Each structure stands twice: as structure tokens, then as C-alpha cells.
Protein chains: 2
Amino acid sequence: MTATMNLERAGTSPAARSAHSCSDCPVRDVSFCAGLDEEERSAFTAMRRQKQLLPGEALAWQDEESPFLAVVREGIVKNTVMDANGGEQTVGISRSGDFVGRPFSGPTPYGISAVGPVELCVFPRNDFDRLANERQGVGHHMLKVTLDELQRTRRWLLMLGKKSATQKVSAFILEFARNGRDLADDEACVVELPFGRQEIADILGLTIETVSREFTGLRRHGVIDLPSRRSVAVKDLAALADASGEVTYN
Amino acid sequence: MTATMNLERAGTSPAARSAHSCSDCPVRDVSFCAGLDEEERSAFTAMRRQKQLLPGEALAWQDEESPFLAVVREGIVKNTVMDANGGEQTVGISRSGDFVGRPFSGPTPYGISAVGPVELCVFPRNDFDRLANERQGVGHHMLKVTLDELQRTRRWLLMLGKKSATQKVSAFILEFARNGRDLADDEACVVELPFGRQEIADILGLTIETVSREFTGLRRHGVIDLPSRRSVAVKDLAALADASGEVTYN
DNA sequence: CGCGAAATTGACTCGCCTCAAGGTGAGTGG
DNA sequence: CCACTCACCTTGAGGCGAGTCAATTTCGCG
């Protein structure tokens with residue numbers, strides 16, 4: 001956790017970066033990487049190349065063949081699908097340690113691009129597929145990761161299908177406020193959002209105007225504060241959880 | 001395909017049914033089952049029990065531990081999540097040959113229930129997990145199936161996030177009209193919908209009234225006809241595809 | 001035929017989108 | 001250090017699509 005701190009906003013020293021191996025990688029114990037044993041890890045190290053993406057830069061385009069798979073070292077990557085009218089819907093978000101891309105198949109049915117600066121470990125798909133076939137552990141671990149991702153995507157369906165704009169935005173902020181840790185009644189915690197308003201709109205299936213209005217609405221009700229464009233100070237966590245339409249069993 | 005016909009609306013002769021093995025199963029070459037070799041198939045046969053569900057009957061409840069996994073032999077099964085207000089959102093649909101339930105983990109985070117009468121091959125989860133761990137092929141095949149399911153769920157996200165009621169209902173009908181086959185310009189094909197209006201609403205994130213209005217709207221525009229409650233006759237496929245907001249590359 | 005569940009229809013409301021101006025703030029060059 | 005600028009965000013007015021509430025109607029089935 002704290003090990004990732006010193007890498008924030010890196011990307012200024014590419015040469016130094018590519019010298020790293022898994023052993024000192026900040027995500028070696030997170031998500032996908034955490035499930036690999038030493039032998040598997042070194043197999044991955046052998047085939048991977050490091051790559052950096054600038055904010056907004058794409059790793060793969062929708063419906064095009066992409067020869068790459070990747071693991072996120074640092075930063076956030078999103079998967080998006082284009083609507084017929086040019087609208088964009090975000091269908092997946094990958095953070096540090098998460099796996100990105102689609103093994104065993106042709107064209108990626110969604111675009112993959114960086115949210116802010118990103119560092120990746122990139123694998124040629126052929127090599128990865130072979131490894132997943134040969135090494136029992138890799139395929140099995142991959143399965144677990146995919147099942148988890150499917151689960152998250154299904155929750156997301158509930159949000160898009162049944163929640164109001166207020167509930168969507170509240171749930172979104174809550175997600176980042178909690179971000180792993182428990183966060184009992186820590187009032188006044190400040191969250192740095194990695195997304196701009198338009199990106200939030202694309203995630204929640206709303207327009208940018210509605211997102212903005214919901215933010216200011218929550219501020220007016222004293223639930224949050226907005227010290228800067230991309231940061232949110234949660235002032236009343238209980239109220240936020242309530243507004244998100246969460247069921248509280250008390 | 002045609003082999004499934006003689007099993008429709010079965011469920012009247014449980015004893016006869018449970019005598020079946022994989023070798024004469026209608027779904028042995030579909031979806032999950034299709035990816036297994038003979039040896040794996042017999043391993044599954046050894047551990048499975050057959051089970052029938054009445055329309056609406058549940059196999060697992062949301063957030064409760066379920067000791068079962070299953071493959072659908074006949075009928076349709078849905079995964080649903082309850083909203084805070086008692087609203088229901090369908091987050092997954094499984095058809096003949098599809099895998100149902102969540103391996104390798106605790107409580108199922110969604111409810112599983114039958115749409116119409118259903119026949120299943122049920123496996124104790126422990127046994128299944130062990131098999132998936134021991135036999136390379138099973139885990140690997142399971143991964144492919146899960147990746148496909150994730151993909152379908154992501155498309156669904158786009159629908160819920162960005163499409164209008166008309167587009168949703170049109171796309172829904174289209175899905176069943178095509179159902180695998182290509183269906184070039186076969187006008188006047190009749191589709192039997194396995195879902196009632198409320199169930200369609202729960203899938204599309206709409207209300208039952210809106211779904212109903214969209215159906216009659218499409219009928220008034222001569223796009224479809226509604227010979228009975230659960231059947232739709234597609235009269236103008238091109239218009240339907242157009243109404244669904246599909247991109248046509250012509 | 002008659003009952004009950006499911007579907008349809010109508011009137012009305014409200015939430016979110018659309019379109020159109022302003023603000024705001026970080027980065028740039030004078 | 002300040003004006004400039006451009007991207008991003010906010011705010012407002014207005015319209016429309018989908019939800020809500022409330023009857024009916026229709027269909028499937030005993």
C-alpha cells in the first residue's frame with residue numbers, strides 16, 4: 001500500500017523504470033500479480049515489456065485486433081464502448097495490479113485507454129495465451145480474477161438500471177472514499193478523484209451537466225465539500241451512504 | 001438444436017429424466033458442456049445430480065451460501081439482484097448448456113431462479129472446485145466461458161447506460177429474433193419470448209408500463225405484431241434493427 | 001363461463017437531457 | 001506579475017421521456 005506512494009506521478013524517468021523487475025514492483029502483492037508463485041512470476045518477467053501511457057492515450061481500439069495484454073503497475077485504465085451517436089460508455093475500470101485486455105480471442109470489443117498517466121507491464125498475447133495453457137496456476141488464477149471482474153460488472157448493472165442520478169453519484173464518491181479500507185465514521189476524509197466530470201458521466205450513464213449538478217447538490221446539503229475540481233471532502237459519510245440508496249442493516 | 005424439441009415442457013417424468021447421461025444430453029455440444037472431453041464429461045457425470053425447477057423457483061438466494069453449481073439442461077435461468085426498494089434488476093441470463101453459479105467463493109451475491117420450467121445438472125460446489133483445480137482442461141474451459149459472460153455483461157452495460165426505452169425493447173426483441181442464426185432479411189419470423197413483461201422490464205431497467213407501451217408502439221408502426229402475450233412476429237426486421245440504435249455499416 | 005393474473009392504456013408528474021451562457025483555474029507568453 | 005487562453009466545470013431555462021398512480025382490458029386456465 002504505502003509502497004506505491006513513491007511512484008505517484010512517475011513517468012519522468014523511463015529508463016530507470018524499465019530496469020525494475022517483479023521483485024520490487026509495487027503491485028506484486030495486489031490483484032492479479034498477487035496470485036502468482038515465484039516461478040510463474042519469472043515466466044512473466046521474461047516476456048513482459050514495460051510501457052507508459054500519457055493521459056488519454058490508447059492501448060487498444062474498439063473492435064480492432066490488439067496483440068497486447070497488460071497488467072497495470074500504476075495509474076488507472078478504462079475500457080469504453082462507443083455508442084451509435086458517438087456517446088461513450090465506460091464498461092470497466094482497472095487499477096494498480098489489475099489485468100487488462102482479452103486473452104484467447106480476436107478483436108477486443110472495447111477500447112482501452114489511460115486515465116491520467118499510466119505504467120503497464122505489457123505481454124504479447126500469444127506468449128500469454130501459451131503460458132496460461134501450459135501453467136495450471138496461471139489459468140486458474142486468471143479464472144478467479146475474471147470471476148471477480150464479472151461480479152463487479154454485475155453490481156454495476158444494478159446501478160445503471162435502477163439508481164437515480166443522486167444515488168449514482170453518491171455511490172460513486174462512496175466507492176472512492178472507502179477504497180479498500182473500512183472507514184467506519186471517519187468524518188471529513190478527503191478523496192482525490194482520478195476522473196474528470198465527463199469521465200464520471202460516462203461511467204454512470206449520465207450527462208456531464210447532471211453529474212455537476214449532483215455534486216453541487218450534495219455540497220449544498222452539507223454532505224460533501226469540493227476543495228478543488230478533482231477532490232471531494234466527505235463531511236457526512238452516513239448521509240452519503242444514505243443518498244447512495246445503500247441498504248443498511250441496523 | 002432440433003434434439004431439444006422433444007424435451008420441451010418436460011418435467012412430468014422425473015424418474016425417466018434422471019436416468020439420462022451426458023451421452024444423450026441435448027446440451028452436450030453447447031456452451032459449457034461442449035468444451036469438455038470424454039474423460040472430463042464422465043467425471044462430471046459421476047458427481048452430478050439432476051434437478052428440476054418449477055417456474056419462478058429459486059436455486060440460490062442473494063447473499064446466502066449456496067452449496068450448488070449447475071449447468072442448464074433445458075429452460076432459462078436468471079440471476080437477479082434486489083434493489084433497496086424491493087426493485088429487481090436481472091444481471092444475468094443462462095440458457096441451455098450455460099453454467100450457473102459462482103465457483104470458489106462464499107455467498108452468491110445474486111439470486112438464481114427459474115424462468116419457466118427448468119432442468120439442471122447440479123454439482124456440489126466442493127466437488128466442482130476440486131475438479132476444476134485438478135483437471136487443467138476444466139479450469140481452462142471455465143475461464144473461456146467466464147470471459148464470454150463478462151463480455152456479454154459489458155455490452156449490457158452499454159444498453160442500460162446509453163439507450164432509450166425504444167432502443168432497449170427493440171434490441172431485446174432483436175436478440176431473440178436472431179438467436180444464434182443469421183436471419184438475413186427473413187421477414188415475418190415469429191419469436192416466442194420466454195419472459196413476461198415484468199421480467200423484460202427487470203432486464204432492461206424499465207417499468208412494466210413502459211415496456212408495454214414500447215411493444216404497442218412498435219406494433220402501431222408496423223414493425224412487429226403481437227399474436228399472443230409471449231410471442232412477437234417481426235414484420236420489418238430492418239426497421240427493428242434501426243430502432244434498436246444499432247450501427248449498420250453499409 | 002368466470003376468475004385471477006398479466007397486460008394495456010390514460011393522465012399526470014418529475015427527473016434527467018438539451019441547449020446555451022457564464023464561471024474557474026491551470027498553464028503560457030509577454 | 002499579469003493578461004490571455006483554453007479546457008473544464010457550473011448554472012440556468014425549457015422540453016421531453018420515462019416513472020407513477022389508477023383504471024380497464026385481455027388472456028390463460030380451471
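Just so you know, these numbers come straight off a predicted model, no measurement behind them.
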Non-neighbouring partners of A/F195 that pass ring pair (Phe, Tyr, Trp, His ring centres under 6.0 Å), sequence neighbours left out: A/F176

B/K163/B/E214 ion pair, N-O < 4.0 Å: no

Sugar-phosphate only, base, or nothing, as touched by A/S164 at under 4.0 Å among non-hydrogen atoms: sugar-phosphate

Protein-nucleotide distance (B/K163, atom NZ; C/dC17, atom C1'), rounded to Å: 19 Å

Side-chain donor/acceptor of B/R229 to base of C/dA6, under 3.5 Å: yes

Positional range of nucleotides in DNA chain D within the contact set of chain B, heavy-atom, under 4.0 Å: D/dA18 to D/dG28

Rounded distance in Å - CG (B/D202) to P (C/dA6): 13 Å

Modelled atom types, side-chain donor and acceptor of B/Q151 and A/R102, under 3.5 Å: no

Nearest-Å distance for atom pair CD/C1', residues A/Q198 and C/dC17: 13 Å

Nucleic acid contacts - residues 209-220 of chain A versus DNA chain D, non-hydrogen atoms under 4.0 Å: A/E209, A/S212, A/R213, A/T216, A/R219

Whole angstrom value for the distance that separates C1' of C/dC17 from NZ of B/K162: 12 Å

Distance, rounded to the nearest Å, where A/L206 contributes CG and C/dT18 contributes C1': 14 Å

A/K162 side chain near B/D202 side chain, heavy-atom distance below 4.5 Å: yes

Whole-Å gap separating C1' (C/dG15) and CG (A/L204): 16 Å

Flag side-chain contact, heavy atom, 4.5 Å: B/L204 against B/M159: yes

Rounded distance in Å - CZ (B/R197) to C1' (C/dA5): 14 Å

Nearest-nucleotide 5' precedence on DNA chain C, A/S228 against A/T207: A/T207

Flag side-chain contact, heavy atom, 4.5 Å: A/L158 against A/R154: no

Flag, side chain of B/N85 to backbone of B/G87, donor-acceptor distance under 3.5 Å: no

Residue pair B/L174 / B/A241: nearest heavy atoms and the distance that separates them: CD2-CA, 3.7 Å

A/R49, CZ: over 12 other non-hydrogen atoms inside 6.0 angstrom: no

